[in-house]
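Each remark here refers to the structure printed beneath this line.
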Amino acid sequence: MQLQVSRFESLGDAFHTRLHPSPLPAPHWVGWSAEAAAALGLPTEPPQDDELLQQLSGNRVADRVTPIASVYSGHQFGHWAGQLGDGRALLLGDLISPQGRQEVQLKGAGRTPYSRGGDGRAVLRSSIREFLCSEAMHALGIPTTRALCVTGSPAPVRREEVETAAVVTRLAPSFIRFGHFEHFSHNGHHAELRRLADFVIDQFYPECRAADGNPYAALLAAVTRRSAELVAQWQAVGFCHGVLNTDNMSILGLTLDYGPFQFLDGFDPGHVCNHSDSSGRYAYARQPNIVYWNLFCLGQALLPLLDDSQQALDALEPYKALFPAALQRRMNAKLGLDDPRAGDAELTEELLQLLSRERTDYTIFWRRLSLAQAASEADTRQADQGASPLPQGPHWQPVRDLFLQPTAFDDWWARWRQRLQPSAGLGAGPQASARMLRANPRVVLRNHLGEVAIRQAQAGDLSTLQRLQAALARPYDEHPDSADLADFPPDWAAAISISCSS
Ligand code: AMP
Ligand code: MG
């Protein structure tokens, strides 16, 4: 892997500390993402030679590489937390790939000046979760940091109990967070704040410079747009981030820092996936408001670069329309609708209330709805060829069977089917199922699936992890071999408790 000195490093000493990773004994490969590797132009299997394994476990540093830990601050759980920083992450350098320049970061590679009493390590459990989920999100089409690999070591790491250490190699065009801006702004370091904002604009948002008016206001507006799109995708797929602090918000609108995240099983808008979040601040349904709150913090941090505070408010204001519009677009895709119409929001809301009342399994509901539509389209095609059409079709039953009180669902179903009817050449019904099957994944990384893969990996068996990884890489495909991964969660899934500690 040919790394170059990171462009982030050029920002200067105020932004980071140079240091080497702390070695880990007896590293071994735990996971390797063929898809991430291919995107980087690397082999799709972990290389046989020891050199890369040692480098990505933090035991050797390649020539010309100066690893750095960056400093940032942030708001955690609604309160100013002061200085944080890469307490266990090290940026190795940039890789020039066919997909553009990617930063390569080791997470769990040892203590840094920003570890604040932490051990600088990540355990195998949380490293596998981040590895699987970031690659799964990418396969779902949701903006995210990616993961090339996980390496494990027998080195003990103390959490609630003693576990073993691991390192995830993460990839992103940039790991810059809202918290980086908050750091310099809060400390009154306005020259550094401007340098950071100029860096982000020049590298990632050049259109903000070209726009009329203040480029930093344009940056805030652009980040607002990307964040609204991101959280709309999370809501549509049923993803809870779990720790939406401002230091976990990517300036590029990527899903960042996978901790106690969860994909919903039964649909519960109030679901809190983080055991440490006692007030439910980061409940599933609150995520859109929290992202807005976080954008507000970013706006506040950028004030020294803006003409006045009204400019920040003007840049943030569109979120209130952008988020619902982005969400409705995603929900319409899930419903097979391609021509937005008045009444779509109500149709969606009534459905979500139904799912919420019954705690219907979110992923299975959408998939069965898509399959019911596909079957109904097949019936219609047969009817066109002379066979008698079935009014609902036998495939209606599996989705209806999800409800204890199916009459409310029947009512909704009838209205949805009515809405799907093509009218005046709009909203071509026959392709609705194709849209739905691309918008409603069959397999997502449910907590219990990760848990089983982790337990086996902890016992030295990586086959379940690899099988799950393969299914998550093709989340929209039907495949008989992975039927169990698309099934309901077992009863014990509800008892899984994931906290910030990882
Ligand atoms: P997180 O909640 O994972 O986003 O982390 C919040 C802050 O705590 C960041 O500054 C992390 O780098 C730091 N941190 C989390 N875990 C550790 C650890 N085991 N050792 C050192 N720093 C950590
Ligand atoms: Mg974090």
Side-chain angles (χ1 to χ4, degrees), residues 15-17 19-22 24 58 67-91 103 105-131 133-134 144-145 147 150 152-153 155-168 170 172 174-184 186 240-252 254-262 272-278 281-282 287 290-291 294 297-298 498-502:
F15 292 81
H16 49 68
T17 303
L19 80 163
H20 275 205
S22 310
L24 277 174
I68 54 178
S70 77
V71 63
Y72 54 83
S73 296
H75 284 84
Q76 298 188 316
F77 292 91
H79 302 284
W80 178 245
Q83 184 187 303
L84 304 164
D86 292 327
R88 52 175 170 169
L90 280 182
L91 179 57
E103 291 187 352
Q105 195 188 64
L106 300 185
K107 181 170 177 181
R111 302 197 73 233
T112 78
Y114 316 113
S115 297
R116 299 176 304 135
D119 57 10
R121 292 300 181 194
V123 295
L124 182 62
R125 169 176 52 93
S126 64
S127 303
I128 289 177
R129 278 171 55 84
E130 170 143 13
F131 170 71
C133 197
S134 55
T144 179
T145 63
V150 182
S153 158
V157 178
R158 191 170 292 280
R159 294 292 179 263
E160 276 95 2
E161 46 199 61
V162 176
E163 303 187 38
T164 58
V167 176
V168 190
R170 302 201 289 194
S174 170
F175 288 92
I176 294 176
R177 301 147 190 269
F178 290 10
H180 282 98
F181 291 85
E182 290 179 282
H183 179 75
F184 296 104
H186 184 85
C240 305
H241 181 283
V243 203
L244 275 180
N245 293 333
T246 58
D247 55 302
N248 290 338
M249 291 287 298
S250 153
I251 201 72
L252 300 185
L254 308 173
T255 314
L256 171 66
D257 278 9
Y258 291 84
F261 69 82
Q262 187 179 3
V272 180
C273 62
N274 179 356
H275 191 67
S276 319
D277 180 9
S278 50
R281 178 178 171 87
Y282 299 136
Q287 295 186 123
I290 290 291
V291 166
N294 290 342
C297 290
L298 178 65
I498 313 264
S499 70
C500 278
S501 141
S502 59

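Just so we're clear, the structure is a prediction, and the values are computed from it rather than from any experiment. Order of listing sets the numbers, starting from 1, for every ligand and every atom in it.
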* To do: Check the side chains of Glu182 and His75 for a donor-acceptor pair under 3.5 angstrom, ignoring hydrogens and angles.
  => yes

* Asked: So, Tyr114 versus Thr17: side-chain donor-acceptor pair below 3.5 Å or not?
  ->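 Per modelled atom types, Tyr114 and Thr17 side chains form a pair under 3.5 Å.
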
Looking at every heavy atom in both [X] and [Y], which two are closest together, and how far apart are they?
X      : Y      : answer
Leu19  : Pro113 : CD1-CD, 4.1 Å
Phe77  : Tyr282 : N-OH, 3.3 Å
Leu244 : Asn294 : O-ND2, 2.9 Å

I want to check something: taking the side chain as every heavy atom from C-beta on, are [X] and [Y] in contact at a cut-off of under 4.5 Å?
X      : Y      : answer
Asp86  : Ile68  : no
Asn248 : Arg177 : yes
Gln287 : Cys240 : yes

Give a table of atom pairs where an N or O of ligand 1 lies under 3.5 Å from a protein N or O.
{"from": "ligand 1", "atom 1": "4 (O)", "to": "Asn248", "atom 2": "OD1", "distance (Å)": "3.0"}
{"from": "ligand 1", "atom 1": "4 (O)", "to": "Asn248", "atom 2": "ND2", "distance (Å)": "3.3"}
{"from": "ligand 1", "atom 1": "8 (O)", "to": "Arg116", "atom 2": "NH2", "distance (Å)": "2.9"}
{"from": "ligand 1", "atom 1": "10 (O)", "to": "Gly85", "atom 2": "O", "distance (Å)": "2.6"}
{"from": "ligand 1", "atom 1": "12 (O)", "to": "Gly85", "atom 2": "O", "distance (Å)": "3.1"}
{"from": "ligand 1", "atom 1": "12 (O)", "to": "Gly87", "atom 2": "N", "distance (Å)": "2.8"}
{"from": "ligand 1", "atom 1": "16 (N)", "to": "Arg88", "atom 2": "NE", "distance (Å)": "3.3"}
{"from": "ligand 1", "atom 1": "19 (N)", "to": "Asp119", "atom 2": "OD1", "distance (Å)": "3.0"}
{"from": "ligand 1", "atom 1": "19 (N)", "to": "Arg121", "atom 2": "O", "distance (Å)": "3.3"}
{"from": "ligand 1", "atom 1": "19 (N)", "to": "Arg159", "atom 2": "NH2", "distance (Å)": "3.3"}
{"from": "ligand 1", "atom 1": "20 (N)", "to": "Asp119", "atom 2": "N", "distance (Å)": "3.3"}
{"from": "ligand 1", "atom 1": "20 (N)", "to": "Gly120", "atom 2": "N", "distance (Å)": "2.8"}

* **Protein N/O/S count near the Mg ion (ligand 2) (criterion: distance under 2.8 Å)** => 2

* Are Arg129 and Phe261 in a cation-pi setup, meaning NZ or CZ lies under 6.0 angstrom from the ring centre and within 45 degrees of the ring axis? -> yes

